Amino acid sequence: MTIRIETDRLLLRPMEARDADAHIDMLGDPALAAYLTPNKKPESRMDRWRQFASYLGHWQIRGFGFFSVEEKATGEWVGRVGPWMPEGWPGLECGWSIVKAHWGKGYAPEAAIASIRWTFARFPDLPRIISIIDPDNANSQAVARKIGEEKSGEIFEFWEYHLDIWAAERNAWLARFGEL
Ligand SMILES: CC(C)(COP(=O)(O)OP(=O)(O)OC[C@H]1O[C@@H](n2cnc3c(N)ncnc32)[C@H](O)[C@@H]1OP(=O)(O)O)[C@@H](O)C(=O)NCCC(=O)NCCS
C-alpha cells in the first residue's frame, strides 16, 4: 500500500507489522492507558499485541485505518492518527494518540488535519467526521478544538463510559482547512 501523506514535520503512512513494538510500547504508558482502556490502566503486552493486530485488520477489512506518524527530521515513530470505524461505531472517527515524549509539539493536530483531508477526499459523500472523547480528557479536547471539531451533544456509551462525540461538518471544515 503506497499511501504517503506529508505535513511540515510529519509523515503519515498506513500502519504496518513493523510498527508493532512501537505501538505496543506506547500503549504500555499509564498516561495514555488512562484514556484508552476499559479500566484506565495499561493492558498486558499480550492484549496490546492483539489490539495492534486489530488495527492492521481494520486496514484489511475497511481499506483505511490508523496511520503511523513519523517525525520527518528523525524518522522516529511518534504515534498513530487517522480514520477508524470498527463495527458498531457511531460514525467515521479521526482518532489520535502520541508517544508521551512528544506531547505538546502540536503533532496530533498537524497529523489529524492531514488525515481528515485525506478522509474527506477518499469518501466524497462523507457528511462529517467525528472524534469520541472522554469528558475528562482535556488534552484530546484541545486537539479537537484545534482541528475544527465541536462537541455535538451526542453521547456514545462504550465500556461503562459516557463518551462525548465531537464532530466537524464536511463543508465548514473544508472551508476552514482547505479544499481538497
Ligand atoms: C491527546 C494527545 C494525542 C495530544 O497530542 P499532542 O501532539 O500533544 O497535541 P498538542 O500538542 O496539540 O497538545 C494538546 C494539549 O495537550 C496538553 N499538553 C501538551 N503537552 C503536554 C504534556 N507534556 N503533558 C500534559 N499535557 C500536555 C495541552 O493542554 C495541549 O493543549 P494546548 O496546546 O492548548 O495547551 C496526547 O495527549 C495523547 O496521546 N494522549 C493520550 C491518548 C489519548 O487521549 N488519545 C485520544 C483519545 S480520544
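Note that ligands are numbered from 1 as they come in the structure, with each ligand's atoms numbered from 1 the same way. Since the model is a prediction, treat every value here as computed from it, not as a measurement.
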When distances are taken from atom 44 (O) of ligand 1, the protein heavy atom at minimum range is N137 ND2, 2.7 Å

Decide whether an N or O pair under 3.5 Å exists between Y35 and ligand 1. no

Discussion item. Within the structure, is a non-hydrogen atom of A138 found at a distance of less than 4.0 Å from ligand 1?
Written reply: no

- Message: Using ring centroids (six-membered ring only for Trp), state whether Y55 and W84 fall under 6.0 Å.
- Response: yes

Report yes if K146 has an N/O atom closer than 3.5 Å to an N/O atom of ligand 1; otherwise report no. yes

Shortest non-hydrogen pair, A167 vs R128, comes out as CB-NH1, 3.6 Å

Is the shortest distance from a heavy atom of I132 to ligand 1 less than 4.0 Å? yes

(message) Please check this pair: side chain of R48 against backbone of E43, looking for a donor-acceptor N/O pair closer than 3.5 Å.
(response) yes

In this structure, atom 4 (C) of ligand 1 is nearest to the protein heavy atom V143 CG2, 3.6 Å

For atom 42 (C) of ligand 1, the closest protein heavy atom turns out to be S97 OG, 3.6 Å

Margin query: What I'd like to find out is whether the side chain of S131 reaches to under 4.5 Å of the side chain of W96, using heavy atoms alone.
Written below: yes

Would W59 and F67 count as a close aromatic pair, with their ring centres under 6.0 Å? yes

Taking the basic N atoms (NZ, or NE/NH1/NH2) and the acidic carboxylate oxygens, is any pair closer than 4.0 Å for D134 and K40? yes

Exercise for the section: Using distance alone, determine whether G106 and ligand 1 share an N or O pair under 3.5 Å. Expected result: yes

Margin query: Does any part of the side chain of P90, heavy atoms only, come nearer than 4.5 Å to the side chain of I132, both counted from C-beta?
Written below: yes

According to a hydrophobic-cluster definition based on side-chain heavy atoms being under 4.5 Å apart (Ile, Leu, Val, Met, Phe, Trp, Tyr only), do L11 and V78 belong together?
no

message: I'd like to know if F158 and I133 are part of one continuous hydrophobic network [Ile/Leu/Val/Met/Phe/Trp/Tyr, side-chain heavy atoms within less than 4.5 Å].
response: yes

Is atom 39 (O) of ligand 1 in close reach of the protein, with a heavy atom under 4.0 Å away? yes

Near K105 (heavy-atom distance under 4.0 Å), the atoms of ligand 1 are 11 (O)

So the atoms of ligand 1 within less than 4.0 Å of a heavy atom of A142 turn out to be 15 (C), 31 (O)

Taking only non-hydrogen atoms of A108 and a 4.0 Å limit, the atoms of ligand 1 in range are 3 (C), 4 (C), 5 (O), 6 (P), 7 (O), 9 (O)

- Query: For the residue pair F156 and H162, is the inter-centroid distance of their aromatic rings smaller than 6.0 Å?
  - Reply: no

Min over D29, N139, I98, V81 of heavy-atom distance to atom 28 (C) of ligand 1 lands on N139

The side-chain hydrogen bond (donor to acceptor under 3.5 Å, both in side chains) partner of S152 among E154, E150, E149 is E154

among protein heavy atoms, the one nearest atom 24 (N) of ligand 1 is W103 CE3, 3.7 Å

Ranking S131, P109, G104 by closest non-hydrogen atom to atom 20 (N) of ligand 1, top hit is G104

Under 4.0 Å between heavy atoms, the region of D134 that gets near ligand 1 turns out to be neither

Logged contact type for W96 with ligand 1, heavy-atom cut-off 4.0 Å, is both

